[in-house]
Q: 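Okay, handing you the structure first.
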Amino acid sequence: MAHALGGAQASASPSVGTDASPRKTGFKDRNNLRFDNKLWIALSSVNLKSRHSSTKYQFKVMSMSVQQAVRSKIPVQPLELENANEPPLNLYKPKEPYTATIVSVERLVGPKAPGETCHIVIDHGGNVPYWEGQSYGIIPPGENPKKPGSPNNVRLYSIASTRYGDSFDGKTASLCVRRAVYYDPETGKEDPSKNGICSNFLCNSKPGDKIQLTGPSGKIMLLPEDDPNATHIMIATGTGVAPFRGYLRRMFMEAVATYKFGGLAWLFLGVANTDSLLYDEEFSSYRKDYPDNFRYDKALSREQKNKNGGKMYVQDKIEEYSDEIFKLLDGGAHIYFCGLRGMMPGIQDTLKRVAEQRGESWDAKLSQLRKNKQWHVEVY
Ligand code: FAD
């Protein structure tokens, strides 16, 4: 019997010698699945591998009628990573980078996605700690084409994991990298000689390869944790989802005694089509398990139409929910934007139009949001 749990891939086989006697009350076992105050009848052993979490969940599942399974949170270590008052900053600089090792490179998108985006797990051995929302620098091997004789420049990448990494032990960091490909505007053909140096180096790398790391850097996208019941509205296009994956794993996947999230996280993700969605199974499982704390809206520009019949972009989704968003912002919500630089003008125009329709001045509102440190933008 296979259960579709939170959209993750599940396979099950009958387990021998399990206790099949009816049992009451909720239990929470080491196998990452909890059934709250529900009767269960038959027990099967399930081996579930979340597609993009690189983590194998071993747990037990019961034949149930109306029960809903909620995965319990995953223990992380070392908890000393919670102790510092300030985020780590620039522990490694371009002149003396840290040599890290590639653990895995996984294509994240389906065959119909335009372009390729990869999830890259890097082993830093616990030596390059970071906080959610920070970036690493990568120095691709080779000579800087614009400065012969010098190494390549550093490229920044938002970290897509929590400080504990996808292996929950504080030794890895994950990146979400889109391969930069160059198409000749005249012929429309790809010109590999002009493809992006670092993104192609990262997406082509293999487990065991060495890479030069700098950082971590950035404070703008740190997750404010002073109020665990705050609202966080996250607007991402493409790989801009990276820091939000980190936030959401911290909120909904990991067990950290000093950070228990009880607020609202609302993710708007804009990509081209269904095949281009990033970490969709992971996000969908949070929506299933924490419907009161997580909202997830997707804008698929090449598949969906906005209310005027045009392509559906994140700003169209923002407009759809503008009343709620403005109320949440008035109530102190944080709003984050991450992705390609080109996303901002359309979003700003929409917010300005909505504000005017509400009889508010967008310029005044924006400066208030900035002053209150509610407004966080990292575009590239
Ligand atoms: P480069 O070699 O730097 O080339 C840049 C572009 O120029 C490419 O599109 C390339 O095709 C084109 N090009 C090359 N030669 C020519 C030529 N002769 N004529 C015309 N065009 C040419 N990226 C991500 O994928 N994921 C992230 O999470 C991410 N986070 C970031 C966070 C921050 C804070 C910043 C600043 C940037 C982030 N980026 C991210 C972008 C990333 O840093 C790189 O800019 C990106 O990967 C492209 O680098 P590259 O070395 O592959 O391309």
Side-chain angles (χ1 to χ4, degrees), residues 52 87 89-90 94 97 102 105-109 113-122 130-148 150-162 165-166 173-205 211-222 234-249 267 269-272 276-279 336-344 376-380:
H52 304 310
L89 274 177
N90 301 315
I102 297 282
V105 178
E106 186 187 0
R107 183 183 159 102
L108 282 173
V109 293
E116 185 174 41
T117 303
C118 297
H119 183 72
I120 298 166
V121 180
I122 297 165
Y130 56 89
W131 283 5
E132 301 72 24
Q134 290 194 294
S135 300
Y136 269 169
I138 306 283
I139 308 174
E143 205 176 73
N144 185 338
K146 288 183 191 148
K147 245 191 186 176
S150 302
N152 267 311
N153 287 337
V154 173
R155 269 73 163 179
L156 294 179
Y157 293 90
S158 307
I159 298 173
S161 48
T162 72
D166 289 359
S174 304
L175 306 180
C176 176
V177 178
R178 184 178 167 93
R179 210 185 257 283
V181 181
Y182 183 84
Y183 291 96
D184 187 301
E186 274 169 25
T187 63
K189 289 206 178 113
E190 191 180 325
D191 179 350
S193 70
K194 294 180 181 168
N195 282 351
I197 295 173
C198 194
S199 57
N200 282 278
F201 159 68
L202 286 170
C203 291
N204 291 339
S205 58
I211 58 164
Q212 304 298 313
L213 276 189
T214 66
S217 63
K219 278 179 141 185
I220 286 177
M221 296 294 283
L222 291 174
M234 299 162 266
I235 321 282
T237 57
T239 55
V241 78
F244 307 138
R245 179 181 183 263
Y247 296 179
L248 294 169
R249 287 171 77 91
L267 173 65
L269 174 58
V271 292
S276 312
L277 283 167
L278 303 168
Y279 311 109
Y336 310 82
F337 302 88
C338 191
L340 289 182
R341 190 166 288 282
M343 73 191 267
M344 284 316 282
H376 313 259
V377 182
E378 186 156 272
V379 289
Y380 39 86

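All ligand and atom numbering here is 1-based and tracks the order in the structure. None of these values were measured; they are calculated from a predicted model.
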Q: Checking contacts now, so for atom 7 (O) of ligand 1, which I'm interested in, is there any protein heavy atom under 4.0 Å?
A: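 So far as the 4.0 Å threshold goes, atom 7 (O) of ligand 1 is out of reach of every protein heavy atom.
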Q: Any nitrogen or oxygen of C176, main chain or side chain, under 3.5 Å from a nitrogen or oxygen of ligand 1?
A: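 Min N/O separation from ligand 1 is below 3.5 Å for C176.
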Q: Please state which protein non-hydrogen atom is closest to atom 43 (O) of ligand 1 and give its distance, to 0.1 Å?
A: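 Sorting protein heavy atoms by distance from atom 43 (O) of ligand 1 puts L156 O, 2.6 Å first.
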Q: In sequence, state the C-alpha distance, the side-chain angles, and the governing distance for Y380 and L156, and then conclude on side-chain contact (heavy atoms from CB on, under 4.5 Å).
A: CA-CA 9 Å; Y380 39 86; L156 294 179; over 6 Å; no
Q: If you measure every N/O of A242 against every N/O of ligand 1, is any gap under 3.5 Å?
A: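 Checking ligand 1 against A242, no N or O pair falls under 3.5 Å apart.
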Q: Could you check atom 20 (C) of ligand 1 against the protein and tell me its nearest heavy-atom contact, residue, atom and distance included?
A: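 The closest one turns out to be Y182 CE1, 3.3 Å.
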Q: Looking at atom 31 (C) of ligand 1, tell me if a protein heavy atom falls under 4.0 Å from it.
A: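 Neighbour list for atom 31 (C) of ligand 1 includes protein heavy atoms (cut-off 4.0 Å).
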Q: R155 versus ligand 1: do any nitrogen or oxygen atoms come within less than 3.5 Å of each other?
A: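 Indeed, backbone or side chain, R155 has an N or O that close.
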Q: Can you find a protein heavy atom closer to atom 38 (C) of ligand 1 than 4.0 Å?
A: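 At least one protein heavy atom is under 4.0 Å away.
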Q: R179 and side chain to side chain contact (heavy atoms under 4.5 Å, CB included): which partner among N204, T117, L202?
A: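 By the side chain to side chain contact (heavy atoms under 4.5 Å, CB included) criterion, R179 pairs with just one of N204, T117, L202: N204.
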Q: State whether D166 and R249 are salt-bridged, where the test is any N-O pair (Lys NZ or Arg NE/NH1/NH2 against Asp/Glu carboxylate O) under 4.0 Å.
A: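 Here D166 pairs with R249 in a salt bridge, since their nearest N and O are under 4.0 Å apart.
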Q: Using a cut-off of 6.0 Å, state whether more than 12 heavy atoms not belonging to I220 lie near its atom CD1.
A: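 Check fails, neighbour count at 12 or below.
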Q: For atom 10 (C) of ligand 1, state which one of R178, K194, R341 supplies the nearest heavy atom.
A: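 Among R178, K194, R341, the closest heavy atom to atom 10 (C) of ligand 1 comes from K194.
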Q: Parallel, tilted or perpendicular, judged at 30° and 60°: which one describes the rings of Y336 and H376?
A: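 The rings of Y336 and H376 lie parallel, inter-plane angle below 30°.
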Q: Counting only nitrogen or oxygen atoms and a 3.5 angstrom limit, does A180 reach ligand 1?
A: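 No: no nitrogen or oxygen of A180 is under 3.5 Å from one in ligand 1.
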Q: Please write down residue, atom name and distance for the protein heavy atom closest to atom 2 (O) of ligand 1.
A: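 Of every protein heavy atom, I197 N, 2.8 Å lies nearest to atom 2 (O) of ligand 1.
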Q: Below 3.5 angstrom, do we get any N/O pair linking V177 and ligand 1?
A: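 N/O-N/O distance below 3.5 Å does not exist for this pair.
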Q: Around atom 52 (O) of ligand 1, find the nearest protein heavy atom and jot down its residue, atom name and distance.
A: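 The closest one turns out to be S199 OG, 2.5 Å.
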Q: Run the numbers for me: atoms of ligand 1, each under 4.0 Å from some heavy atom of Y157, listed by number.
A: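 In order of numbering, the contacting atoms are 23 (N), 24 (C), 25 (O), 26 (N), 27 (C), 29 (C), 30 (N), 31 (C), 40 (C), 42 (C), 44 (C), 46 (C), 47 (O), 49 (O).
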Q: Give a yes or no on whether the backbone of T162 and the side-chain of Y130 come within a donor-acceptor separation of less than 3.5 Å.
A: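 Yes.
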Q: Donor-acceptor pair, N152 side chain versus P141 backbone, under 3.5 Å?
A: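 Yes.
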Q: So is there a nitrogen or oxygen of S158 less than 3.5 Å from a nitrogen or oxygen in ligand 1?
A: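 There is such a contact, yes.
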Q: Which protein heavy atom lies closest to atom 41 (C) of ligand 1, and at what distance to 0.1 Å?
A: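 For atom 41 (C) of ligand 1, the nearest protein heavy atom comes out as Y380 CD1, 3.7 Å.
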Q: Regarding ligand 1, does S135 bring an N or O atom to under 3.5 Å of one of the ligand's N or O atoms?
A: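 Min N/O separation from ligand 1 is not below 3.5 Å for S135.
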Q: For S193 and Y182, does a side-chain donor sit closer than 3.5 Å to a side-chain acceptor?
A: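 Side-chain D/A pair, S193 to Y182: absent.
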Q: Any idea which protein heavy atom is nearest atom 4 (O) of ligand 1, and the distance to it?
A: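 The closest heavy atom on the protein side is G196 CA, 3.9 Å.
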Q: Applying a 4.0 Å heavy-atom criterion (strictly less than), which segment of E378 is in contact with ligand 1: side chain, backbone, both, or neither?
A: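 Looking at E378 and ligand 1, just side chain atoms fall under 4.0 Å.
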